[in-house]
Number of protein chains: 2
Amino acid sequence: MTDDITSRDQGRKASRRGSGRPTIADVAKLAGVAAITVSRALRYPSQVSAELRAEIDTAVAQLGYAPDPNARALASARADVIGVLVPSLTNIVFADTLRGIYDGLGDGPLQIQMGNTHYSPREEERLIRMFLSQRPSALIVSGIDQTEATRQLLESADCPIVQIMEYGDDPVDMLVGFSHFDGGKVATSHLIEAGYRRIGFIGARMDPRSQRRLAGYRSALEAAQLFDPKLVTTTLTPSRVSLGGQLLADALAKVADLDAVFCNNDDLAMGVLFECQRAGIAVPHRMAICGFNDLDMMRVAYPSLTSVRTPRYEIGRHSVQMVLDRLAGRPIASPIVDLGFELQVRESTML
Amino acid sequence: MTDDITSRDQGRKASRRGSGRPTIADVAKLAGVAAITVSRALRYPSQVSAELRAEIDTAVAQLGYAPDPNARALASARADVIGVLVPSLTNIVFADTLRGIYDGLGDGPLQIQMGNTHYSPREEERLIRMFLSQRPSALIVSGIDQTEATRQLLESADCPIVQIMEYGDDPVDMLVGFSHFDGGKVATSHLIEAGYRRIGFIGARMDPRSQRRLAGYRSALEAAQLFDPKLVTTTLTPSRVSLGGQLLADALAKVADLDAVFCNNDDLAMGVLFECQRAGIAVPHRMAICGFNDLDMMRVAYPSLTSVRTPRYEIGRHSVQMVLDRLAGRPIASPIVDLGFELQVRESTML
DNA sequence: GGCTCGTATGATAGCGCTATCATAACGGAA
DNA sequence: TTCCGTTATGATAGCGCTATCATACGAGCC
């Protein structure tokens with residue numbers, strides 16, 4: 001047992017030749033055709049006659065042949081890989097989007113190579129450089145706040161590029177997302193209309209998208225002449241449910257008559273709710289709570305929590321569809337797609 | 001602008017030659033050495049004299065050279081890629097583990113290729129076949145319930161393999177995880193000791209790991225002669241917070257005097273808590289709640305929720321470390337690692 | 001019947017890198 | 001001095017596949 005395991009080393013063959021697995025040449029020989037014909041039969045079946053195709057399929061099955069993607073990538077100067085860059089893996093938002101991307105790809109030949117930028121533009125640049133070096137079929141990157149150098153890298157890349165999660169009018173190539181500014185503005189306007197007057201903003205991480213939601217919040221409050229810098233409570237710490245309660249306490253310490261909070265995301269909103277329960281602050285009567293993203297739990301919380309539903313999964317699906325269309329040479333309806341959002345009004349903001 | 005975009009096609013060069021990017025030969029020429037020396041300087045710097053190394057580094061920097069991973073993989077019969085298979089992307093459990101894997105890899109040359117099996121052994125088999133065809137440096141797979149065919153594929157693969165998330169004594173190669181059976185048993189024993197007598201099990205998805213937790217639950221109850229099949233309420237539906245409340249209602253309909261629930265995961269536990277709040281069921285006096293995984297929110301919920309803390313992130317870190325050790329030829333302390341779990345007792349089970 | 005044209009297949013030559021073997025240079029032991 | 005072993009570098013030959021050009025062949029046309 002242990003011997004068995006230790007013998008499993010890096011696996012470099014002693015001899016150079018023959019990886020052990022069948023190659024396209026083996027298939028060709030067995031089928032009695034040239035290697036290039038096998039290649040064509042596998043990639044463009046319509047270019048090969050039915051008889052040869054049958055022979056080749058038989059040979060492939062018999063040998064259990066599977067093409068080597070590395071050799072293919074080298075010869076065709078194009079890897080069947082889509083690079084995907086997300087700023088975080090623990091953030092459910094990106095997990096949903098990733099799921100959409102995987103679902104959109106289905107059983108196709110394209111594989112995902114994922115990179116985690118940790119919300120760092122420099123790390124993003126490093127990863128893009130690395131991804132580009134293998135000539136991916138496409139790149140999907142999060143947000144529109146790339147560094148100047150990154151943007152140039154992307155501009156000169158010879159593959160489709162999709163920027164996701166945000167809305168903007170100047171994408172590198174294509175873009176799918178929604179306006180975080182508008183999301184923040186609509187949520188805040190709703191709180192104003194519901195009759196709340198001392199509406200706080202609670203935010204963690206404060207990445208560019210959070211900043212835009214904050215800007216939307218501020219814009220709505222300023223329009224109603226209700227803005228006050230003291231109402232804003234943020235931290236650079238990554239968001240967690242447990243942070244919501246702390247930030248609410250901080251906010252209340254600054255603004256005793258706070259009567260509503262717009263939370264940068266649902267985790268914080270949930271934390272705020274628990275803190276209110278613990279402190280005996282009645283929701284929504286003494287405190288309204290609004291989240292962002294509309295995770296499943298918002299609907300079932302007690303009281304149920306208002307939130308802004310965002311099209312996370314759809315963004316993933318749509319971005320892949322654009323990539324596939326482009327790769328297949330199909331026309332793209334529009335390179336810039338706004339998938340919008342939807343305010344879900346629930347008990348937590350019904351005064 | 002639009003022209004700019006539509007001109008960005010698949011990017012196949014009209015001419016075959018020259019991808020445009022510098023190759024190792026360009027660097028070699030500029031540095032006045034042979035290509036193989038450049039290769040060595042980059043991969044095994046100690047094998048090249050300091051002078052040549054300096055020349056080569058300069059040339060690399062000047063040309064902005066980056067090795068082509070595809071060519072490298074083809075020539076060395078080994079791709080700098082680790083295949084990672086997870087059953088779900090939305091499940092925070094795997095997101096945490098993935099984060100551990102990425103963190104463990106750091107800035108190294110190894111890249112992750114991820115596959116989502118959707119809890120399907122057949123899909124897992126397909127993906128493993130696909131991954132293996134590119135000769136990955138290693139494979140990390142979730143669980144120990146592979147099909148027979150998959151297991152054989154893995155046994156004969158010539159790269160390190162780590163099975164993660166579970167504990168077992170017969171891994172394909174290496175294994176890092178913990179015992180879900182024991183987790184379920186410890187949680188249930190705690191409820192018994194706390195004085196609860198009609199302890200239900202609430203489970204969604206019911207994948208193999210959920211099944212083992214259920215088995216642990218049953219084992220504890222049977223030992224105390226408290227087991228009753230009616231106490232178990234499960235569904236194959238994927239887990240969601242909103243499902244917790246539904247399942248609790250189902251459970252109460254079957255067992256009116258239910259006084260505790262062990263939930264298969266924290267999402268369900270949270271849903272159960274909300275349902276109790278809504279229905280006016282006092283926690284923990286009329287109903288105890290215990291979750292599994294111990295997500296951050298369990299600690300701050302009101303009342304705080306008991307849960308079994310699982311080493312998700314650590315499993316990711318550890319599995320990568322084993323892979324790196326093996327690839328570097330370092331000895332592995334033990335191919336089977338039990339990272340354990342820890343019951344976190346909180347208000348929701350303190351009668 | 002000779003010609004062009006389109007379709008099906010094949011031969012050749014790499015893609016960019018590294019495994020392998022060969023060679024050169026040098027120091028120390030006999 | 002001669003021989004051997006060691007270290008640093010290079011030449012060569014692929015890895016497995018596909019782009020490109022070449023060829024064969026039949027259909028259709030004047």
Atom-to-atom span, [atom1] of [X] to [atom2] of [N] - whole angstrom:
X       : N       : atom1 : atom2 : answer
L74(A)  : dA19(D) : CG    : C1'   : 12 Å
K29(B)  : dG16(C) : NZ    : P     : 13 Å
I24(A)  : dC15(C) : CD1   : P     : 19 Å
R135(A) : dC15(C) : CZ    : C1'   : 8 Å
I56(B)  : dT9(D)  : CD1   : C1'   : 10 Å
Q134(B) : dC17(D) : CD    : P     : 13 Å
L42(B)  : dC17(C) : CG    : C1'   : 11 Å
R43(A)  : dC17(D) : CZ    : P     : 11 Å

Only counting residues at least two apart or in another chain, list the ones meeting side-chain hydrogen bond (donor to acceptor under 3.5 Å, both in side chains) with [X].
X       : value
Q62(A)  : none
Y313(B) : D103(B), R317(B)
D325(B) : Q321(B), R330(B)
T147(A) : E125(A), T150(A)

At a cut-off of 3.5 Å, list every protein nitrogen or oxygen paired with a nitrogen or oxygen from nucleotides 24-27 of chain C, distance to 0.1 Å.
none

Hey, can you pull the donor-acceptor pairs under 3.5 Å for the side chains in residues 24-39 of chain B, sequence neighbours left out?
residue, atom, partner, partner atom, Å
D26(B), OD2, T23(B), N, 2.8

Can you sort out the partners of R53(A) under salt bridge (charged side-chain N to carboxylate O under 4.0 Å, His left out), two or more places apart, ordered by chain and number? none
Given the rule in the side chain to side chain contact (heavy atoms under 4.5 Å, CB included) test, do R72(A) and R43(A) qualify, once you have shown the distances and angles that lead to the verdict? CA-CA 11 Å; R72(A) 185 172 264 189; R43(A) 297 193 307 151; 3.7 Å; yes
So that I can compare with my own list, what are the stems of DNA chain D, taken as at least three consecutive Watson-Crick or G-U pairs with distances under 3.5 Å? C:1-30 with D:1-30
State which of dT18(C), dC17(C), dC17(D) makes the closest approach to the side chain of D68(B). dC17(C)
For the side chain of S76(A), counting heavy atoms from C-beta on, which of dA19(D), dA19(C), dC15(C) is nearest? dA19(D)
Report yes if at least one side-chain N or O of Y44(B) is closer than 4.0 Å to OP1 or OP2 of dT9(D); otherwise report no. no
Taking only the side-chain nitrogens and oxygens of R78(B), find out if one of them lies under 4.0 Å from OP1 or OP2 of dA19(C). no
Heavy atoms, side chains only, cut-off 4.5 Å: are M322(B) and V337(B) in contact? yes
Which residue pairs pass the salt bridge (Lys or Arg N to Asp or Glu O under 4.0 Å) test with at least one member in residues 56-71 of chain A, sequence neighbours excluded? D68(A)-R135(B)
Which atom pairs link the protein and nucleotides 6-10 of chain C when you take only N or O atoms and keep those under 3.5 Å?
residue, atom, partner, partner atom, Å
dT9(C), OP1, S49(A), OG, 2.7
dT9(C), OP2, S49(A), N, 2.8
dT9(C), OP2, S49(A), OG, 3.4
dG10(C), OP2, A34(A), N, 3.1
dG10(C), OP2, T37(A), OG1, 2.6
dG10(C), N7, R40(A), NH2, 2.8

Non-hydrogen atoms of L175(B) and P171(B) that approach each other most closely: CB-CB, 3.7 Å
Please identify each residue that fulfils side chain to side chain contact (heavy atoms under 4.5 Å, CB included) with R151(B), with sequence neighbours left out. E155(B), Q163(B), D170(B), V172(B)
Please table the atom pairs, donor to acceptor, closer than 3.5 Å between any side-chain atom in residues 136-145 of chain B and protein atoms at least two apart or in another chain.
residue, atom, partner, partner atom, Å
S137(B), OG, A79(B), O, 2.7
S142(B), OG, L85(B), O, 2.8
D145(B), OD1, R212(B), NH2, 2.9
D145(B), OD2, R212(B), NH1, 3.2
D145(B), OD2, R212(B), NH2, 3.3

